[in-house]
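The structure presented is a predicted model; accordingly, all values stated were derived computationally and were not measured. Naming: A, B, ... by sequence-line order, numbering from 1 per chain. Worth knowing before you read on, the calculation uses all heavy atoms, side chains too, and leaves out hydrogens, waters and symmetry mates.
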Amino acid sequence: MYSEKVIELFRNPRNMGEIENRDGVGTVGNPICGDLMTIYIKVDGDRLKDVKFKTFGCAAAIATSSMITELAKGKTIEEALQITRDDVAEELDGLPPIKMHCSNLAADGLHAAIEDYKRKKE
Amino acid sequence: MYSEKVIELFRNPRNMGEIENRDGVGTVGNPICGDLMTIYIKVDGDRLKDVKFKTFGCAAAIATSSMITELAKGKTIEEALQITRDDVAEELDGLPPIKMHCSNLAADGLHAAIEDYKRKKE
Amino acid sequence: MKRIYMDHAATTQVDQEVMEVMLPYFTTYYGNASSFHSYGREAHDAMEDARKKVAELIGAESDEIIFTAGGTEADNIAIKGVAYKKEKGTIITSSIEHPAVLETCRALEREGFNVTYLPVDRFGMVQPPDVESAKKDETIIISIMHANNEIGTVQPIKEIAKIASENGIPFHADAVQSAGKVSIDVKRMNIDLLSLSSHKIYGPKGVGALYIKKGVKINPIIHGGGHERGLRSSTENIPGIVGFGKACELAKKRMDTDVPYLIKLRDKLINNTLDKIEESYLNGHSTKRLPNNAHFRFTAIEGESLIMSLDDKGIAASTGSACSSKKLEPSHVLMAIGLNEVEAHGSLRLTLGRENTDEELEYVLEALPEVVERLREISPLWKKDLEIEKWRKEMEKR
Amino acid sequence: MKRIYMDHAATTQVDQEVMEVMLPYFTTYYGNASSFHSYGREAHDAMEDARKKVAELIGAESDEIIFTAGGTEADNIAIKGVAYKKEKGTIITSSIEHPAVLETCRALEREGFNVTYLPVDRFGMVQPPDVESAKKDETIIISIMHANNEIGTVQPIKEIAKIASENGIPFHADAVQSAGKVSIDVKRMNIDLLSLSSHKIYGPKGVGALYIKKGVKINPIIHGGGHERGLRSSTENIPGIVGFGKACELAKKRMDTDVPYLIKLRDKLINNTLDKIEESYLNGHSTKRLPNNAHFRFTAIEGESLIMSLDDKGIAASTGSACSSKKLEPSHVLMAIGLNEVEAHGSLRLTLGRENTDEELEYVLEALPEVVERLREISPLWKKDLEIEKWRKEMEKR
Ligand SMILES: Cc1ncc(COP(=O)(O)O)c(C=O)c1O
Ligand SMILES: Cc1ncc(COP(=O)(O)O)c(C=O)c1O
């Protein structure tokens, strides 16, 4: 049911872990539904210098988390805010329909981390 | 479903055919139900010297017809009238329950032939 | 003794190629198709591949096929599925359907649905105008079999389906006997629901399928884990499904050679039998009949003893005689085409298969007249016996 | 990669001896059991022989067994069969039944029947006094599974059946998971209806059986040719039935060696896992559990990714996590024993089979802690991350 890419990223997720001196953190999902993601960002100027994640959830949740960190890293904050759930799913060669809405939260997590960063900066 | 004996008598029925100068004939059954038997008897004194049959019907009907002729042949009329459907079924090592009442008419056929003989003699 | 199987309408031998693809799914790829691990995925993928093959045989899409435990279940799900969804209304069917349809309709009658059983002509044909005039506003489904399992008559289901579709009524066809022998294209033919059974087309027993056109809504009759889109719960019978898929693929592939071959054998069987045996008749339609079906009746003999006698000669055949049925009633199909009981009792069905040879046919054409003659010799209904003539007269009057 | 199958509660490999007896019925003795000829008799006799073997496994008489297409259908026929016969009334069942029972009950609720779903304690046990107080005059059937398919808890069905019998209420037990692993004697245990499934006991998929005690009256749910005493029409799946019969025979014969062997493996698996992995817990009952069932939960990880990771290491296992279910809801069984959703998501079921070796077990005991550790490293719920603690607290309050 999962694409090769999902499985590969599930097996070897990139950018897994916390960022110690992060500039923003966003947590989305609900463990009651089986998915909880935390995205950490480190900002340099208006660019995301580093993006990491921690995820409780299914293979799709882990793979999307990993994918968002790769997609966002190096992008400007403006660019990062453009990344959608669909972009993530597309980059993963698709997700099972049933997983599209529950485990595909990583874009929201990134956006929440950026919000957090913006709030702190104010 | 049929006993060996039923199958054997169905394959090689004894006493099949008509008796030309018979003393009695009995027809029982109903072709609508798929069974019709005619039993012919030749009487010598008070004994059944010959008993023959013709049957339209299933294997059970043919085997029971054949069996009644064997059971009755050589018996006195009194003895022959004692032969029941159950005797026939028993001699055949049993009949499938569903066939007990529809195809096991041979005893009735014999009795009808004896009635016919008695009627004619009167 | 060499045996000759001419009862292919009852069931068929599993094809060697079907066996080969099936076997690994019992002991190597034995996973449950719902499982997440590799065993589960293997099972799931094999099932979806089979689903595609079944769909291709009838011109459907894969996701319009659900697997069932056989033709009977497919018929039940189709008709009860629609009925329970609609909750009330009238069902139109024919009087010569398979018991899987007829008894389902009778059960629904007991539950308060109305059922119209259309008559057939003496060849076993449903008349499309009868369907036209039977349909009402409350009609919830029309179910007419594609080909009859006894006398082999092939129905004008395209015309009937057209009437149904023009009136917005779902049309169900029981294609258990026709699949692989008469070409089917559910889209072109406007069919909404169609039943198939694996064991009639050289696949394993205990598997079937129901085609449900996209958009047609039905309720399940078996509840459980939600398999087959909730319409037929239970751990999927993967080896059976894989075998069925292969059987469908082969049926499609071989149809162009199988059908003319079967027709040649069938026609030889019919013509020679009618020629050789006096007072023998063909039941069913002379041309609109299944390529593999020959259905006779012989005066003055009874079918069970006929097929038992053929069995003694190694020939496997079937009859519509009451004596061979659990209910001791003559075939409802033969009665519906206007035969009387005695005629129905004297019926014989020989149904051919792709493995039957001309040599086998020759043997049957030798054996059959002998057997008929012998039983007529035993029979009090055959000719000479005048005392019995009264029975025959009575019968003929009915 | 070598694969280790530890998902025997989902399905099992067909036994080699079962294969051998089954095979000839596909291609040699392929007749329809209803046919009169020799092919038909072979099929019929084989089926009756299998029926005897199924009966013997559970202490029933042959004529109290009907064959079905699986456990789901057996459950459906049992419960709907009684319900439709009685027409109205209340059904008592438990909240941890298999969906084959639960969804059947829900369907009957929609049709106007009442259903009482009994709670279970934290080990998954139904309390006989609860049955006693739930029963009413209108109770038409009590259906309690013999052993649970997820957590393996074995229910006190003898006590429950006694209550049912004393009150003249038919008692149905779903014994799909227990058959061959826990001894069953329907007579001694006062059981009126009992469901079995072949593919859980090394038989083929797509076959099951329902035991119906003499005198218990039920209505069919599939209508047709009147097979299986009219209770389950359709051409019988002879190879499947023959295989199932053999599987029952083997289950009975091997129980004395299989059960202690499975218990030894299971206990080693349970003890070592609980020892090696911190914050790991056993679900279900410590002693009243299936010989082959080990069911764990691990804090802070999610089941689907756990079984996917195990699958990567060649280990086939199962979980009650929502993420692995079609409905995206956590296992109703785990919720019923009082776990919260997060705990339910972290569950793992390993179910052993007679072909599992100690070597395989050692491998699993190596792999499992590694996998759990890796997923916990990725998990924001595991220990260090204080920002997440609020979620855990919230969860624990529920
Ligand atoms: C026309 C027709 N419909 C339905 C069925 C039932 O199929 P199955 O035996 O697979 O349940 C049969 C054969 O038995 C049939 O010939
Ligand atoms: C307890 C229980 N009941 C019923 C079933 C249904 O059996 P089947 O899959 O054969 O329909 C299963 C297994 O799926 C089960 O574990």
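- For chain C, no part of T68(D) is nearby; none of its heavy atoms comes within less than 4.5 Å.
- Between chain C and the residues S38(D), G206(D), A107(D), G40(D), the largest count of heavy-atom pairs under 4.5 Å involves S38(D).
- Across every non-hydrogen atom of D311(D) and H37(C), the tightest pair is OD1-CB, 3.4 Å.
- Contact count versus chain C (heavy atoms, under 4.5 Å) is highest, among S318(D), P239(D), A317(D), for A317(D).
- Of the two parts of S34(D), only the side chain, counted from C-beta on, holds a non-hydrogen atom closer than 4.5 Å to a non-hydrogen atom of chain C.
- Between chain C and the residues S197(D), S234(D), G31(D), the most heavy-atom pairs under 4.5 angstrom are made by S234(D).
- Under the 3.5 Å distance criterion, the side-chain polar atoms of K205(C) are matched with a main-chain donor or acceptor of Y30(D).
- In terms of heavy-atom pairs under 4.5 angstrom with chain D, the leader among L310(C), N32(C), I241(C) is N32(C).
- When each of H227(C), H98(C), E111(C), M19(C) is scored by its heavy-atom pairs under 4.5 Å with chain D, the top score falls to M19(C).
- For Y5(D), the parts lying near chain C are the backbone and the side chain together; criterion is any non-hydrogen pair under 4.5 Å.
- Only the side chain of I307(D) comes within less than 4.5 Å of a heavy atom in chain C; its backbone stays farther off.
- Remark: side-chain polar atoms of Q13(D) are paired, donor with acceptor, to backbone N or O of T27(C) under 3.5 angstrom.
- For Y29(D), the OH atom is loosely surrounded, since the number of other residues' heavy atoms within 6.0 Å does not exceed 12.
- For a residue to count as touching a neighbouring chain, one of its non-hydrogen atoms must lie under 4.5 Å from one of that chain's; by this rule S35(D) touches chain C with the side chain only.
- For the options T319(D), I222(D), T11(D), heavy-atom pairs under 4.5 Å to chain C are most numerous at I222(D).
- Using a 4.5 Å cut-off between heavy atoms, E236(D) touches chain C through its backbone atoms (N, CA, C, O) alone.
- Per-residue heavy-atom pair counts under 4.5 Å with chain D were compared for G70(C), S233(C), G71(C), and the maximum is reached by S233(C).
- With a 4.5 Å cut-off on side-chain heavy atoms, H223(D) and V101(C) do not count as touching.
- Only the side chain of R232(D) comes within contact range of chain C, judged by heavy atoms closer than 4.5 Å.
- For K88(D), the NZ atom counts as loosely surrounded, since its 6.0 Å shell holds 12 or fewer non-hydrogen atoms of other residues, nucleotides or ligands.
- Closest non-hydrogen pair, G224(D) versus E103(C), comes out as O-CG, 3.4 Å.
- Ranking Q16(D), H199(D), E73(D), R106(D) against chain C, the residue ahead of the rest is H199(D), based on heavy-atom pairs under 4.5 Å.
- The contact between N76(D) and chain C is made entirely by side chain atoms (from C-beta outward), counting heavy-atom distances below 4.5 Å.
- Heavy atoms closer than 4.5 Å to chain D are found nowhere in E97(C), neither backbone nor side chain.
- Heavy atoms of A43(D) lying under 4.5 Å from chain C are absent altogether.
- Most heavy-atom pairs under 4.5 Å with chain C, from the set Y84(D), Y202(D), F26(D): that is F26(D).
- Top candidate by heavy-atom pairs under 4.5 Å with chain D, chosen from T235(C), I221(C), I238(C), is T235(C).
- By number of non-hydrogen pairs under 4.5 angstrom with chain D, the leading residue of M22(C), E42(C), M308(C) is E42(C).
- Proximity to chain C (any heavy atom under 4.5 Å) is shown, for E87(D), by neither the backbone nor the side chain.
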